[in-house]
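First up is the structure itself, then whatever we jot down about it.
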Amino acid sequence: MAEDGREESVAADDDSQHTAEDGRNGLNNTMVEESPTLLRRMEIYVAEAEKRSGKNAVNMQETFTVYLIETRPMDALAEGRNPAPDSLWRRYSEFELLRNYLLVSFPYIVVPPLPEKRAEFVWHKLSADNMDPDFVERRRVGLENFLLRVASHPVLSNDKILHHFLTEEHGWKEVVYETGFQAKADSRLKALSATFRVRNPDKRFMDMKHYSDELQSHTSQLLRARARVADRLYGVYKVHGNYGRVFSEWSAIEREMGDGLQSAGHHMDAYAASIDDILEEEEHYADQLKEYLFYAEALRAVCRKHELTQFELEMATQDLISKKQQHEELSTGIVRTFSFKGMTNKLFGQEAPEQREARLKLLEELIEEGEEAVKDKTVECEEHVEKAWVDVQRFKEQKDKDLREALINYAVMQVSMCKKGIQMWSNAKECFLKM
């Protein structure tokens, strides 16, 4: 799917008018001028991975993997020039930092997920070691796919921090932290509280949240089933190696049948050995499914942000109503609801006119501030709903296309594998006919 990101960048440009007008949280200064997606202006590759050793933050020796990012401007290629690509190395943790920044800066975007940090849903013969060369290679492909997804997004691709990540090897982290994105991140406890206490969330987002749960559940079940099938398939193929051994040994005692038996044994051996390449190819399709397993969490993050903004709006509205009620009771002297202040007034008498006027003035100021807060929260909530729903629809179109393509290719691979099995037995049959 990484290649699809390059091919489909033209289509993504049709939506490039949607920019991140996020001046309220101070992040609009990270956007470049509105322009075609970054993938239209720059070739992006994660060309290779390299294992390195060094000391970590607590001065302990560690082994880690770095990935070579290569970029090349499209205008040079269009002019017929083929300059050497600009290149820099990044660790997986730096990709994580970039994605965390994007999640906070663009809470209305379904931010593409990173490939898994440690192997999950693997068949037992496949190494789960995160330093295993095959796993590192699959992660390299996944990281390139992540960059292509982001660079072809109509909003994310125009972010300056992304451009720094791709082109500035040194000083990039300092630029990210200077945005103050960490201070703007919503706490998990706050978001969880909003989930249970919000009263009137948008039904579309509640349905989408439920859908993301179901998508994650079904995808994980499919991946588990595939891993079990792969285990059994590996065993079936390898058992065919026993046919090869038996036929080869048998051929040694037969004169007329010997050549046919030995040839059939060679076909069986080749068939048994082919399963390693088959399952390696199959793992590629599994990684495409895993991407949408992780996309489900990105979709939920957008829904949780809606719940939080809606809850904050409801709390601000409730606080404003309470302040207005206090002002009415204080100005008229009629207490409509039970309050501790009303009880003390009855017991000890009314407060002095000067105190009453001071309290009325304070309440008027608080009401004015509350009205402004409700207005701001209403705008914030409406903007999030509008922008998020646009991106959710974009995501759904992408998901439908990607999963359809992945499942078709997986089915084609299975058909091809079965045809190879038929061909192997057909070849064995010809060997037996010649005996």
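Bear in mind that the values here come from a model prediction, so they are computed numbers and not experimental data.
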Just by distance, with hydrogens left out, do [X] and [Y] show a side-chain donor and acceptor under 3.5 Å apart?
X	Y	result
Gln310	Asn200	no
Glu282	Gln414	yes
Asp276	Tyr237	no
Ser87	Glu70	no
Asn409	Tyr285	no
Ser322	Gln318	no
Gln423	Asn427	yes

Sidechain-backbone polar pair: [X] side chain, [Y] backbone, donor-acceptor under 3.5 Å:
X	Y	value
Ser152	Arg149	yes
Arg139	Lys117	yes
His306	Asp202	yes
Arg41	Met74	no

Is the closest basic N to carboxylate O distance between [X] and [Y] below 4.0 Å?
X	Y	value
Arg300	Asp213	yes
Arg226	Asp231	no
Lys160	Glu168	no
Lys203	Asp207	yes

**Request:** List the steps and the verdict of side chain to side chain contact (heavy atoms under 4.5 Å, CB included) for Ser251 and Met257.
**Result:** CA-CA 7 Å; Ser251 68; Met257 295 171 55; over 6 Å; no

Roughly how far, to the nearest 0.5 Å, is the [atom2] atom of [Y] from the [atom1] atom of [X]?
X	Y	atom1	atom2	answer
Leu68	Leu88	CG	CG	7.5 Å
Glu368	Glu372	CD	CD	8.0 Å
Asp132	Arg138	CG	CZ	8.0 Å
Lys290	Glu283	NZ	CD	5.5 Å
Arg304	Leu299	CZ	CG	10.0 Å

Which heavy atom of [X] sits nearest to which heavy atom of [Y], and what is that distance?
X	Y	answer
Glu169	Arg90	O-NH1, 3.3 Å
Thr179	Lys184	O-NZ, 3.1 Å
Ala388	Val302	CB-CG1, 3.7 Å

Between [X] and [Y], ring centroids under 6.0 Å:
X	Y	answer
Tyr92	Phe95	no
Tyr211	Phe205	no
Tyr243	Trp425	yes

**Request:** Among Lys377, Lys323, Lys324, find the residue that satisfies the salt bridge (Lys or Arg N to Asp or Glu O under 4.0 Å) test when tested with Glu371.
**Result:**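 Of the listed options, the one satisfying the test is Lys324.
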
**Item:** Among Leu166, Asp159, Ile44, Leu162, side-chain contact (heavy atoms from CB on, under 4.5 Å) partner for Val150
**Value:**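 Output: one option passes, namely Leu162.
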
**Message:** Cation-pi check for Tyr67 against Arg91: NZ or CZ below 6.0 Å from the six-membered ring centre and within 45 degrees of the axis, yes or no?
**Reply:**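 Verdict for Tyr67: no cation-pi partner in Arg91.
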
